[in-house]
Amino acid sequence: DPVSYVAVDISSEHLAASTARIAADYPALGVTALIADFTGAFRLPPPRRQPDTLAGLFTGSTIGNFTPTEALAFLRNAASLLKDARGGLLVGVDLKKDEDILNAAYNDAAGVTADFNLNLLDRINRELDGNFVRDRFRHRAFYNPIEGRIEMHLESLATQRVSVAGQAFAFAAGETIHTENSYKYAVEEFRALAVRAGFRPERVWTDDDCLFSIHYLRA
């Protein structure tokens with residue numbers, strides 16, 4: 001008998017479309033779109049009736065895009081939001097694994113990740129009056145074992161100059177733009193991080209090959 005479902009995201013257009021679909025699928029459920037930056041503190045809207053508890057859901061492996069310091073801050077905010085209602089958080093965490101598996105995943109043969117990465121240049125051109133030529137850059141992704149993360153870069157294929165928002169930038173051949181990180185954790189590493197943030201780890205589930213994990217943390 002859920003009281004309400006509150007979806008939180010900074011992208012108002014995407015959030016409106018998503019919550020409209022959820023509301024259509026569950027007409028008896030109060031569905032609210034909350035436009036907010038979930039990396040900072042925010043207030044939940046008051047529900048129609050007081051819930052017995054709060055459950056936070058942060059699936060996928062988005063938490064890996066934060067540095068460990070940022071992940072700690074996110075988890076502390078979540079613990080603060082959930083603790084007064086005896087709540088918990090269900091969070092997806094990508095696990096450390098063989099480097100060959102990781103490198104293959106971020107350099108997929110279909111080129112999906114490369115297109116995702118190179119799309120940043122298209123967006124800069126469209127939204128920041130840039131003049132990047134997409135074909136003059138290539139996608140690079142590799143596992144950094146010291147930092148415990150996949151790094152994604154866009155590598156310049158030639159010496160070139162580009163303009164963004166009226167400012168010029170020079171690139172040497174082989175120079176890269178570091179576009180994204182995806183941190184991987186061992187199960188006990190993430191549980192220790194959750195404890196530092198004010199959670200009590202209760203359950204963890206993994207697939208048979210221990211490639212991915214889902215943690216239930218009690219605030």
(message) Is it the case that atom CZ in Arg43 sees more than 12 heavy atoms from other parts of the structure closer than 6.0 Å?
(response) no
(request) Check salt bridge (charged side-chain N to carboxylate O under 4.0 Å, His left out) between Asp94 and all other residues, then give those that pass, not counting sequence neighbours. (result) Lys97, Lys184
(message) Which residue in the set Trp205, Phe58, Phe190, Phe199 passes ring pair (Phe, Tyr, Trp, His ring centres under 6.0 Å) when paired with His215?
(response) Phe190
(request) Working to the nearest 0.5 Å, report the span between CD1 of Ile63 and OG of Ser182. (result) 11.5 Å
(request) Scan for side-chain hydrogen bond (donor to acceptor under 3.5 Å, both in side chains) pairs involving residues 51-65, sequence neighbours excluded, and state none if there are none. (result) Asn65-Glu180
(message) Please tell me whether Phe132 and Leu118 are part of a single hydrophobic cluster in this structure, the criterion being side-chain heavy atoms less than 4.5 Å apart.
(response) yes
(message) Thr39: which residues meet the side chain to side chain contact (heavy atoms under 4.5 Å, CB included) condition with it, sequence neighbours left out?
(response) Asp37, Phe66
(request) Say whether, by atom type as modelled, one donor and one acceptor occur between the side chain of Asn144 and the main chain of Arg149 under 3.5 angstrom. (result) no
(message) Would you compute the distance between atom CD of Glu175 and atom CD of Glu155 and round it to the nearest 0.5 angstrom?
(response) 10.0 Å
(message) Please enumerate all residues that pass salt bridge (charged side-chain N to carboxylate O under 4.0 Å, His left out) together with Glu202, with sequence neighbours excluded.
(response) Arg200, Arg218
(message) Apply side-chain contact (heavy atoms from CB on, under 4.5 Å) to residues Tyr26 and Val31 and explain how you reach the verdict.
(response) CA-CA 9 Å; Tyr26 301 93; Val31 177; 5.6 Å; no
(message) When you compare the side chain of Leu211 with that of Leu95, does any pair of heavy atoms fall below 4.5 Å?
(response) no
(request) Indicate if Phe74 and Leu54 have the same hydrophobic cluster label, given that clusters are the connected sets of ILVMFWY residues with side-chain heavy-atom separations under 4.5 angstrom. (result) yes
For residues 10-24, tabulate all N or O donor-acceptor pairs below 3.5 Å that involve a side-chain atom, not counting sequence neighbours.
| from | atom 1 | to | atom 2 | distance (Å) |
| --- | --- | --- | --- | --- |
| Ser18 | OG | His14 | O | 3.0 |
| Thr19 | OG1 | Leu15 | O | 2.8 |
| Thr19 | OG1 | Ala16 | O | 3.2 |

(request) Report the distance from atom CG of Asp129 to atom CD of Gln167, rounding to the nearest 0.5 Å. (result) 13.0 Å
(message) Would the distance check show the side chain of Ser213 and the main-chain N or O of Val93 forming a donor-acceptor pair, the cut-off being under 3.5 Å?
(response) yes
(request) Could you walk me through whether Asn77 and Phe38 pass side-chain contact (heavy atoms from CB on, under 4.5 Å), step by step? (result) CA-CA 9 Å; Asn77 282 335; Phe38 56 60; over 6 Å; no
(request) For Asn107 and Ala141, indicate whether the former's side chain and the latter's backbone hold a donor-acceptor pair under 3.5 Å. (result) yes
(message) Nearest 0.5 angstrom please: Leu157 CG to Arg136 CZ, how far?
(response) 10.0 Å
(request) May I ask whether Val8 and Leu82 are part of the same hydrophobic cluster, defined by side-chain heavy atoms of I, L, V, M, F, W, Y residues being less than 4.5 angstrom apart, directly or through others? (result) yes
(message) For residues Phe212 and Leu102: do they belong to one hydrophobic cluster (side chain heavy atoms under 4.5 Å, members Ile, Leu, Val, Met, Phe, Trp, Tyr)?
(response) no
(request) Supply the atom-to-atom distance Arg138 CZ to Thr176 OG1, rounded to the nearest 0.5 angstrom. (result) 10.0 Å
(request) Return each pair, listed once, that meets side-chain hydrogen bond (donor to acceptor under 3.5 Å, both in side chains) where at least one residue sits in residues 108-119; pairs must be two or more places apart or across chains. (result) Asp108-Thr113, Asp115-Arg134, Asn117-His139, Asn117-Thr179
(request) Would you name the heavy atoms of Gly148 and Lys96 that are closest together and state the gap between them? (result) CA-CE, 4.3 Å
(message) Any non-hydrogen side-chain atom of Thr32 less than 4.5 Å from a side-chain atom of Ser4?
(response) no
(request) Please tell me if the side chains of Ile177 and Phe171 come closer than 4.5 Å, counting only heavy atoms from C-beta onward. (result) yes
(message) Ring-plane angle category for His153 and Phe142, please: parallel below 30°, perpendicular beyond 60°, tilted otherwise.
(response) parallel
(request) Mind listing the closest non-hydrogen atom pair of Leu34 and Pro45 along with its distance? (result) CD2-CD, 4.2 Å
(request) Could you grab the distance from atom CD1 of Ile35 to atom CG of Asp9, nearest 0.5 Å is fine? (result) 9.5 Å
(request) For side-chain contact (heavy atoms from CB on, under 4.5 Å), just list the numbers for Glu189 and Leu193, CA-CA rounded to whole Å, side-chain angles, deciding distance to a tenth of an Å, and then say yes or no. (result) CA-CA 6 Å; Glu189 276 183 318; Leu193 187 70; over 6 Å; no
(request) Examine Leu217 and Tyr183 and state if one hydrophobic cluster contains both, with Ile, Leu, Val, Met, Phe, Trp and Tyr joined whenever side-chain heavy atoms are less than 4.5 Å apart. (result) yes
(request) Indicate the atoms forming the closest heavy-atom contact of Ala79 with Ala197, along with that distance. (result) CB-O, 3.6 Å
(message) Would you say CZ of Phe42 has more than 12 non-hydrogen atoms from neighbouring residues, nucleotides or ligands within 6.0 angstrom?
(response) yes
(request) Walk me through it: do Ile150 and Asn103 pass the test side-chain contact (heavy atoms from CB on, under 4.5 Å)? (result) CA-CA 8 Å; Ile150 282 282; Asn103 287 326; 4.1 Å; yes
